[in-house]
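Comments concern the structure below.
Because only heavy atoms are used, hydrogens play no part in the values below, and waters and symmetry mates are left out as well, while side chains stay in. Because the structure is a prediction, the values reported are computed rather than measured. Read the numbers this way: they start at 1 and go in the same order the structure lists the ligands and their atoms.
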Amino acid sequence: MHDVVIIGAGHNGLVCSAYLAMAGLNVLVLDQRPIAGGAAVTEEFSPGFFNSTAAYAVSLLNPKIIRDLDLGGHGLKIVARPISNFLPLGDQGFLKVGGGQTKREVAKFSSRDADRLDEYQTRLRAIADVLRASVLETPPNVVAGSPLAAIAEFLKAGRVANRIRALGLDLQRDLLDLFTASAGDFLDGWFESAPIKAAFGFDSVVGNYASPYTPGSAYVLLHHSFGEVNGKRGVWGHAIGGMGAITQAMAKAAAAHGVEIRLSTGVRKVLVEKGRALGVETERGEVICASAVAAGINPKLLYLQLVDASALPEDFRRRTANWRCGSGTFRMNVALSELPDFSVLPGHQAAEHHASGIIIAPHLAYMEQAYFDARSLGWSRRPIVELVIPSTLDSTLAPKGQHVASLFCQHVAPQLPGGISWDDCRETVADLMIETVNEHAPNFKRSVLARQIFSPLDLERTFGMTGGDIFHGRLDLGQIFSARPMLGHADYRGPLAGLYLCGSGGHPGGGVTGASGHNAAREILRDFRRKRIAKAR
Ligand SMILES: Cc1cc2nc3c(=O)[nH]c(=O)nc-3n(C[C@H](O)[C@H](O)[C@H](O)COP(=O)(O)OP(=O)(O)OC[C@H]3O[C@@H](n4cnc5c(N)ncnc54)[C@H](O)[C@@H]3O)c2cc1C
C-alpha cells in the first residue's frame, strides 16, 4: 500500500512525486512508456543521433522547482540561444530577433516599428510578470456550499485582483486584450511591418490549432512569454542533452527522496469505491492500492477512459467530453549531414542563426492561410515550420560534423477530413515539411540522413496526448485559470475524493513548467494534513 500512486511519469508527475516524497510520503509513479519524462524526453532516433523527441525548447520551467529539486545538482544545464529567432523571408531578406540586434533588424523594415519595440516588450513583460506570479498558486476555485471555503477562495481572488490593480489602468487594458483578443489584432495595433509581427505571432499558433486572428490567440502568445533562461526573462534556451536531461534530473531527484518509478506499466483503471479513489489497476491486471491517486495525464483520458462512468456525476462527464483538445502540430526529428545553407544568408558553417529558432512563416496572413488550409484539406499547403538545430549548442546529440534538427510544424488537422487516417498521410506530410525548409535552404533535403515523424495520431499513441494536444487541452479563456480543467475543480481535485490531476490539464496549462505537478502536490499534502486522506500503514 502506497500513500500516493501517480499515473504518468511526465515531468509534472515527476515533480509532483518529488514534492510528496520530500514531505515524507511513500510514492509510486507508473508510466506506460519505457522511459520517464512524457513529452520531455531525449531518445536516439537513428544510430548515433539523439534529440528531444517532442518538446524541444526550455523557458517555462519554473526556477523554484529547479532549485527545490536541485536539478542542477542532478545534472541539468540550460544554455541560452545566441539569438532567439531567424526568419528567412525570400526576396525580403531575413529578420533576426534577440541577441541585442532586434531594433536594428526591425528597422530594416520599419523604423517606426523599431522605435516601438521597447515599449511593447516592457508592457508584455509587466503583464507576463502577473502571470508568472500566479503560476505556482492554485487559482481561486469556485466552490459551492461551505461559506468558510468560499471566503478562502475570495481571499485568493483578492490577491490576484491586487496584482492586476497594481498594473494601472493602461496595462489593465493591454491585459484584457491579451486574454480576449486575437494575437493578430494585438500585434497589428503595435506594428506595421510583417516580419516582426510574424516573429512574435508565431507564439500564438504554437500548439494552438487556430489562426493568429482567432480571438483568444493573444493569450497563447502571452503564455509563451512568462518563462526565463538562467534568470533572463522571456527567452528560450536548450537543455544540454536535450529535454530528457530535465526529466532525468527530475527522476533522479524523486528517486533520491525515495520515489519508486515503474516504467512500461500502463494503468487501465482507477479503482473507485463509494466516491473515493482507492488505487489503480495496471494493464497487466495488477491492483495497486493507495491512499490517493494523482494523474499527470489529459483530463479526458483520466475521466473518460480510466474512471468508470458510473462513478462520476453525469454533468462532470458531459463537460469533460467537451474539453477542447487538439493541437495542429506535426513534429519531426531529422539527422543532418550538414547545416542548412539559407539562400538569404548563405553558409553552412555554424553561425548564430543556425543556433536560433528558425521560423518559416513570413507574415501573419501566411499563418492564417495555414490554418484555413488545414481546416479544409487536413494540412496546410504552405505550413508554418520552426526549425531548431540543437546540435549547434550541444555536442552530445550528433556525431562530430553532423547535426540533428527538430521540425515543429503547424498547421495540420488533429483528425483528417473524410475519415482518412494519419497512418496513410504521415510520409506525404513529412515530405512537404522538408520541401518547405528546402525552399529556403536548398541543401536541406539532400542533407537529411534519417527522420522520425509524429503526426497528431502518433503524438496521441506515443505519449497519450489526446488529439495530439501538446497542452493537454486548449489554452483559451474557457479553459484557463479558474476554469482549468473545469469551473469548481481548479484546485487539482476532481469530483472523486482522493483523485487529483497533476498534469498540464490543470493550471497553468501546457509547456514544460513543472507547475501543475508542484501545485497539485501542495493540495494533496494539505488533504493529508487535514486528515481528508489517511497515510498508508
Ligand atoms: C511535439 C511537442 C512539442 C512541444 N514543445 C515544447 C517545447 O519546446 N517547450 C515546452 O515547454 N513545451 C513543449 N511542449 C509541451 C510540453 O511538452 C507538454 O505540455 C508537457 O510535456 C506536458 O507535461 P505533463 O507532465 O503534464 O504530461 P506528459 O508529458 O504528456 O506526460 C504524461 C505521461 O503520462 C503517461 N501516460 C498516459 N496515459 C497513461 C496510462 N494510462 N498509464 C500510465 N501512463 C500513462 C504518458 O506515457 C506520459 O509519459 C511540446 C509538446 C509536444 C507534444
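- When heavy-atom distances to ligand 1 are checked against a 4.0 Å cut-off, Leu301 comes that close only through its side chain, counted from C-beta outward.
- Listed by number with element, the atoms of ligand 1 under 4.0 angstrom from any heavy atom of Arg33 are 47 (O).
- Interface atoms of ligand 1 facing Gly296, defined by a heavy-atom separation under 4.0 Å, are 27 (O), 32 (C).
- For Phe86 and His354, the ring centers sit 6.0 Å or farther from each other.
- Counting the atoms of ligand 1 from 1 in the order shown, those under 4.0 Å from a heavy atom of Arg331 are 1 (C).
- Note that OG of Ser46 is 9.5 Å distant from CD of Gln452, once rounded to the nearest 0.5 Å.
- For ligand 1, the atoms sitting less than 4.0 Å from at least one non-hydrogen atom of Gly503 are 26 (O), numbered in the order shown with element in parentheses.
- Of all the heavy atoms of Arg268, none lies under 4.0 Å from any atom of ligand 1, so neither backbone nor side chain is involved.
- Aromatic ring centroids of Phe50 and Phe45 lie 6.0 Å or more apart.
- Of all atoms in ligand 1, listed by their number and element, those nearer than 4.0 Å to a heavy atom of Gly8 are 33 (C), 34 (O), 35 (C), 44 (N).
- Classified by interplanar angle (parallel below 30°, tilted 30° to 60°, perpendicular above 60°), the ring pair His223/Phe226 is perpendicular.
- Between Thr462 and ligand 1, not a single N/O pair is under 3.5 Å apart.
- Asp394 and His238 share a side-chain donor-acceptor pair at under 3.5 Å.
- In this structure, a donor-acceptor pair under 3.5 Å is present between the side chains of Thr138 and Arg522.
- When the shell of 6.0 Å around CZ of Arg382 is examined, it contains 12 or fewer heavy atoms from other residues, nucleotides or ligands.
- A heavy-atom distance below 4.5 Å is found between the side chains of Arg474 and Tyr209.
- Of the protein's non-hydrogen atoms, the one nearest atom 43 (C) of ligand 1 is Gln32 N, 3.3 Å.
- By the criterion of a heavy-atom distance under 4.0 Å, both the backbone and the side chain of Asp31 are placed next to ligand 1.
- Within ligand 1, counting atoms from 1 as listed, the ones closer than 4.0 Å to a heavy atom of Gly38 are 29 (O), 31 (O), 48 (C), 49 (O).
- Listed by number with element, the atoms of ligand 1 under 4.0 angstrom from any heavy atom of Ile297 are 34 (O), 36 (N), 37 (C), 38 (N).
- With a 4.0 Å cut-off on non-hydrogen atoms, Ile7 touches ligand 1 through its side chain and not its backbone.
- By the criterion of a heavy-atom distance under 4.0 Å, neither the backbone nor the side chain of Phe330 is placed next to ligand 1.
- Taking a 4.0 Å cut-off on heavy atoms, Phe454 fails to register as neighbouring ligand 1.
- With a 4.0 Å heavy-atom cut-off, ligand 1 is reached by no atom of Glu283.
- In terms of modelled atom types and a separation under 3.5 Å, the side chain of Trp422 and the main chain of Ala413 share a donor-acceptor contact.
- Residue Gly510 has at least one heavy-atom neighbour below 4.0 Å for each of these atoms of ligand 1: 19 (O).
- Lys64 and His518 share a donor-acceptor pair across their side chains, judged by distance under 3.5 Å alone.
- In this structure, Tyr500 has its ring center no closer than 6.0 Å to that of Tyr492.
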